[in-house]
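All remarks here apply to the structure that follows.
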2 protein chains.
Amino acid sequence: MQSPKPESVLSLAILGLVSQHPRSGYDLRKTFATTPMGHFSSSPGAIYPALKRLEERGLVEGKTEGADTLKPKRVFGLTDDGLETLRAELRRPIGRDDVIWHVEALVLRFAFMGDVLGRPATLEFLGAFRDRMADYLPTLEQTAQELKDEGRTHAAVAVSHGLEQYRAHIRWATAATQTLSQDADRE
Amino acid sequence: MQSPKPESVLSLAILGLVSQHPRSGYDLRKTFATTPMGHFSSSPGAIYPALKRLEERGLVEGKTEGADTLKPKRVFGLTDDGLETLRAELRRPIGRDDVIWHVEALVLRFAFMGDVLGRPATLEFLGAFRDRMADYLPTLEQTAQELKDEGRTHAAVAVSHGLEQYRAHIRWATAATQTLSQDADRE
DNA sequence: AATTTCATGTAACCAGTTACATGATTCA
DNA sequence: TGAATCATGTAACTGGTTACATGAAATT
């Protein structure tokens, strides 16, 4: 039970967002629909059930605002358990799986990390992120080279898309480290 | 019915792979598990049902090899309908949705396009790919700039990850166009 | 008065994950 | 002979999609 299975991306996004300030399901939908965080559902059929699950697990807590009015509204905030779970997820070491299958989740973790874990932990994360990405790169480079040598140009070009992606990850992490280091006194 | 709903990524991957040469479920699993195409399931619980569905839709056809032996093997090939569907999917114009949610599928389409549609169509696709990505870029750039101006450095850095990704897409498409143009007589 | 936006939800469906089950074949 | 690999599949569960449903509040 050391590492409680990683949250699904949507749960993570919700936990992170309500950690900033309490939000209703509708607020979440709006956020997903209108901000660049919007590689997410935004569909009620995803969000309301997800909120219900998180509430059942005791990670978020819904308070009904304006219970007296005709149009009451449920606003969700993080519980202590929720914060703990979020922290745990943000601190989870980056594994090969994350690098191959869940890069989006890693970036999402970064996005919430500033507020929840602070600057030093964030810089550590970025370093690990860069290193894991760099670990994976040679595998791809080799495959691309082999394909090229075999004269399978088209296939090599397809693989090189992945290469460019990973290089971009690395570049980003490096630049981000720079930016956040220099910005030490802000925020 | 003009544009039949796009194939799921997994179906597309399977159609593309069996279009190259007939494969068994196990072959597909191996491919997904060992090649850089492997951002895919590779789990039997995904592949065998997917094959069954494709067969029911008449897109692939399974032939039992060695029906006499004790260990018969089902090898799947594309039907005419399957080829037609694959072609249609590969030719589907790139929309905003694809650029935001299904980039992986676009790259997969590229990967199979060389054999199925030929070089000229592929170059056209790459041009469209680059243009759609370029269309999307300014939105992100603006968001990043706004966040920066508001002093929300961390958020701006998070968004800049997306920026780097899209720039990498564009760079790749440009380079790929180059490579494939110069390689005109190969393959 | 009509339309849009706010706001919450459900139900049917679909597809993928994990884990299980089975058994043949090949290799050490 | 025991382990690894070949090979195919199922079942329960999970979570997301689409579409539906409802109705208040605000805007035009």
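Just so we're on the same page: letters track the sequence lines, and every chain starts at 1. Computed from a predicted structure; not experimentally measured.
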Phosphate-side-chain proximity, [X] and [N], N/O vs OP1/OP2 below 4.0 Å:
X: B/Lys52; N: D/dT10; value: yes
X: A/Arg53; N: D/dG15; value: yes
X: A/Tyr26; N: C/dT8; value: no

Are the side chains of [Y] and [X] in contact, using a 4.5 Å heavy-atom criterion?
X: B/Arg132; Y: B/Arg96; answer: no
X: B/Ile47; Y: B/Phe40; answer: no
X: A/Arg130; Y: A/His169; answer: no

### Query
Taking for each residue the nucleotide of DNA chain C bearing the nearest heavy atom, is the 5' side occupied by B/Ser42 or by A/Lys30?
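With B/Ser42 and A/Lys30 compared, the 5'-side residue is A/Lys30.
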
Residue [X], side-chain atoms from C-beta onward, closest of [options]:
X: A/Ser43; options: C/dA7, D/dA7, D/dT17; value: D/dT17
X: B/Pro49; options: D/dT10, C/dT8, D/dG16; value: D/dT10
X: B/Ser8; options: C/dG16, C/dT8, D/dG16; value: C/dG16

Within this structure, what is the [atom1]-to-[atom2] distance between [X] and [N], rounded to whole angstrom?
X: A/Leu12; N: D/dG16; atom1: CG; atom2: P; result: 12 Å
X: B/Arg23; N: D/dC6; atom1: CZ; atom2: C1'; result: 17 Å
X: A/Glu55; N: C/dT8; atom1: CD; atom2: P; result: 12 Å
X: B/Asp97; N: D/dT18; atom1: CG; atom2: C1'; result: 14 Å
X: A/Leu28; N: C/dG9; atom1: CG; atom2: P; result: 12 Å
X: A/Leu54; N: D/dG15; atom1: CG; atom2: P; result: 10 Å
X: A/Arg74; N: C/dG9; atom1: CZ; atom2: P; result: 6 Å
X: A/Tyr48; N: C/dA11; atom1: OH; atom2: P; result: 16 Å

### Query
Hey, does A/Gly45 reach any base, or is it just sugar-phosphate, or nothing, if we go heavy atoms under 4.0 Å?
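Base, at least one base atom sits under 4.0 Å.
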
### Task
Could you tell me how the ring of B/Phe110 sits relative to the ring of A/His154: parallel (under 30°), tilted (30 to 60°) or perpendicular (over 60°)?
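If you compare the ring of B/Phe110 with that of A/His154, the planes turn out parallel.
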
### Query
Does CG in A/Asp149 sit with more than 12 non-hydrogen atoms of other residues, nucleotides or ligands closer than 6.0 Å?
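Above 12, so yes.
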
### Query
5'-most contact on DNA chain D: A/Leu10 or A/Pro44, nearest heavy atom basis?
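On the 5' side of the pair lies A/Leu10.
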
